[in-house]
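Values in this document were obtained by computation on a predicted structure and should not be read as measured data. Letters go in sequence order (proteins before strands), and every chain restarts at 1.
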Number of protein chains: 2
Amino acid sequence: METNPRILLVEDDKNLGYILSEYLAMKGFSVTWAKDGPEALTLLQKNPYSLCILDVMLPSMDGFSVAEQIAASTVQVPYIFLTAKNLKIDKLKGFKLGCDDYIVKPVDEEELVARIKAVLKRTDNTLQQDPQQLLSLGRSTFHFHTQVLHIAGTDHKLTSKESEVLMLLLNHKNSLLDRETALKKIWGSNDYFNRRSMDVIISRLRKHLSDDGHVKITNIHGRGYMLQES
Amino acid sequence: METNPRILLVEDDKNLGYILSEYLAMKGFSVTWAKDGPEALTLLQKNPYSLCILDVMLPSMDGFSVAEQIAASTVQVPYIFLTAKNLKIDKLKGFKLGCDDYIVKPVDEEELVARIKAVLKRTDNTLQQDPQQLLSLGRSTFHFHTQVLHIAGTDHKLTSKESEVLMLLLNHKNSLLDRETALKKIWGSNDYFNRRSMDVIISRLRKHLSDDGHVKITNIHGRGYMLQES
DNA sequence: TTTATCGCTTAACCAAAGGTTAAAAGTGTT
DNA sequence: AACACTTTTAACCTTTGGTTAAGCGATAAA
């Protein structure tokens with residue numbers, strides 16, 4: 001059941017892209033090579049990746065923008081920026097966007113691999129997305145990409161919105177998921193109707209989860225929700 | 001309200017050590033500065049740290065050895081290497097030893113902070129977003145983030161206002177919390193009605209805390225309140 | 001000791017937040 | 001265009017929690 005970490009490489013330069021994807025594949029990674037930003041985002045929606053390597057200089061949509069889109073979505077994937085520009089301001093911008101490392105070209109392949117591993121070491125067990133088993137105790141698992149919640153021997157097929165909310169709750173397991181944050185991430189804005197929609201989704205999730213006695217969603221009045229595992 | 005991430009800086013160079021510890025402290029970290037490896041290891045045994053910054057070139061025991069000792073011990077702390085040597089072989093050695101980042105001198109302080117945060121973001125999930133256990137003796141803990149006061153085996157769910165007041169009291173533990181200060185902080189202004197509201201909240205907090213014989217809120221006439229721990 | 005102020009507690013009130021269910025509107029598929 | 005399914009809107013009801021009110025006790029100054 002051991003699978004290779006899946007890496008999404010976003011690089012428009014044909015030569016560098018080829019070299020890197022070959023090298024990473026040789027080092028035991030499962031590499032997908034996207035040539036531009038939009039392609040990368042589509043792939044990220046459809047498939048799970050453990051890590052994303054983003055070239056900053058890309059045609060049409062630069063790496064920073066791609067990162068922003070990733071951060072704004074519910075898909076959580078660590079990313080490393082790759083760039084020829086050794087400008088401090090860009091570096092800081094990269095980190096501000098939440099990147100996990102920032103590497104300046106020319107790339108030393110061995111160092112790149114070492115840094116990828118360092119990031120994966122930290123993320124793999126804490127963050128989801130690539131491993132499929134998500135949910136908690138007893139007989140429950142949740143598979144984000146198929147949107148199937150498996151409890152006590154039965155499968156619950158969740159809707160997209162249900163899955164997104166559950167995913168966020170899982171990412172904040174046993175701690176508060178701020179209501180406003182969740183709304184901004186999933187619905188894009190925090191208004192009356194979206195709040196009510198979220199209430200409805202929560203209600204439905206509770207119904208699904210009711211078969212698992214070890215998990216429950218509690219409300220913290222005026223703040224948000226918490227998924228509690230016991 | 002939140003507590004600062006605790007950083008252990010291991011650096012023998014007096015100048016650099018001073019500059020970095022001052023800078024990091026200014027940036028909101030709680031910094032401890034160890035001058036050599038053995039000192040660092042002793043500190044790590046005795047105190048919790050969120051992250052360790054290791055200079056590679058140290059007297060008596062180099063940073064790599066310190067890292068090996070850390071990895072071999074039960075103490076798990078992420079570490080970043082700091083070195084003047086930009087040798088690829090050293091970098092790879094560092095990552096092989098499990099470091100989370102490897103920074104070459106001269107250090108850009110802003111980049112250092114960005115990289116520290118990037119590491120903490122991944123590793124310190126609990127200490128990072130959850131301000132930790134706060135309350136005092138016997139069996140009491142208070143978790144601000146989830147607003148739960150845990151006393152003698154039972155959970156008391158506090159309201160937002162109760163939590164805010166308790167938090168302020170805890171921040172002034174065993175010393176006076178000025179009434180006017182508290183009112184301005186929590187209610188925005190000190191008027192008759194807000195004072196009455198605060199009275200009610202204090203009363204409710206006392207009821208919650210009554211199960212813990214070692215903590216009580218006392219009034220200092222005309223001044224404010226004090227949370228006394230015994 | 002008197003008196004004015006300050007503090008404590010309980011209860012009541014009420015607006016806001018949340019829970020649930022159902023109907024309506026939106027979406028995609030055959 | 002009929003369908004199955006998802007999401008939003010609506011409606012109705014319950015819970016929550018901050019505030020206000022009122023009465024009494026405590027404290028300190030005169």
task = Look at D199(A) together with R204(A) and state whether they make a salt bridge at an N to O cut-off of under 4.0 Å.
result = no
Would you tell me if any nitrogen or oxygen in the side chain of [X] comes within less than 4.0 Å of OP1 or OP2 on [N]?
X: T159(B); N: dT16(D); value: no
X: S203(B); N: dG7(C); value: no
X: W187(A); N: dT8(D); value: yes
X: K207(B); N: dT10(C); value: yes
X: S197(A); N: dT8(D); value: yes

May I have the distance from [X] (atom [atom1]) to [N] (atom [atom2]), rounded to whole angstrom?
X: K216(A); N: dG19(C); atom1: NZ; atom2: P; value: 13 Å
X: H208(A); N: dT6(D); atom1: NE2; atom2: P; value: 9 Å
X: D199(B); N: dA22(D); atom1: CG; atom2: P; value: 16 Å
X: D191(A); N: dT8(D); atom1: CG; atom2: P; value: 10 Å
X: N194(A); N: dA17(C); atom1: CG; atom2: P; value: 15 Å
X: H221(B); N: dC6(C); atom1: NE2; atom2: C1'; value: 5 Å
X: L183(A); N: dT8(D); atom1: CG; atom2: P; value: 11 Å
X: N219(B); N: dT9(C); atom1: CG; atom2: C1'; value: 14 Å

Identify whether any heavy atom of [X] sits under 4.0 Å from a base atom; if not, whether one sits that close to sugar-phosphate; answer base, sugar-phosphate or nothing.
X: K157(B); value: nothing
X: R179(B); value: sugar-phosphate
X: Y192(B); value: nothing
X: R206(B); value: sugar-phosphate

inquiry  = Could you go through F81(A) and F95(A), starting from their C-alpha distance and side-chain angles, then the distance that decides it, and tell me whether this counts as ring-ring contact (aromatic ring centres under 6.0 Å, His included)?
reply    = CA-CA 9 Å; F81(A) 281 119; F95(A) 281 110; 8.6 Å; no
task = Tell me which nucleotide among dG18(C), dT20(C), dT9(C) gets nearest to the side chain of V200(A).
result = dT20(C)
ask   = Do you see a donor-acceptor pair shorter than 3.5 Å between the side chains of N194(A) and S197(A)?
value = no
inquiry  = Can you see whether S175(A) engages H172(A) through a side-chain donor-acceptor pair at a distance of less than 3.5 angstrom?
reply    = no
request  = Specify the residue among R196(A) and I201(B) whose closest nucleotide of DNA chain D lies further upstream toward the 5′ end.
outcome  = R196(A)
task = Answer yes or no on whether R196(B) is positioned over the face of Y192(B), meaning its NZ or CZ is under 6.0 Å from the six-membered ring centre and within 45° of the axis.
result = yes
key: Distance-only donor-acceptor test, R204(B) side-chain atoms vs dT19(D) base atoms, 3.5 Å   = yes
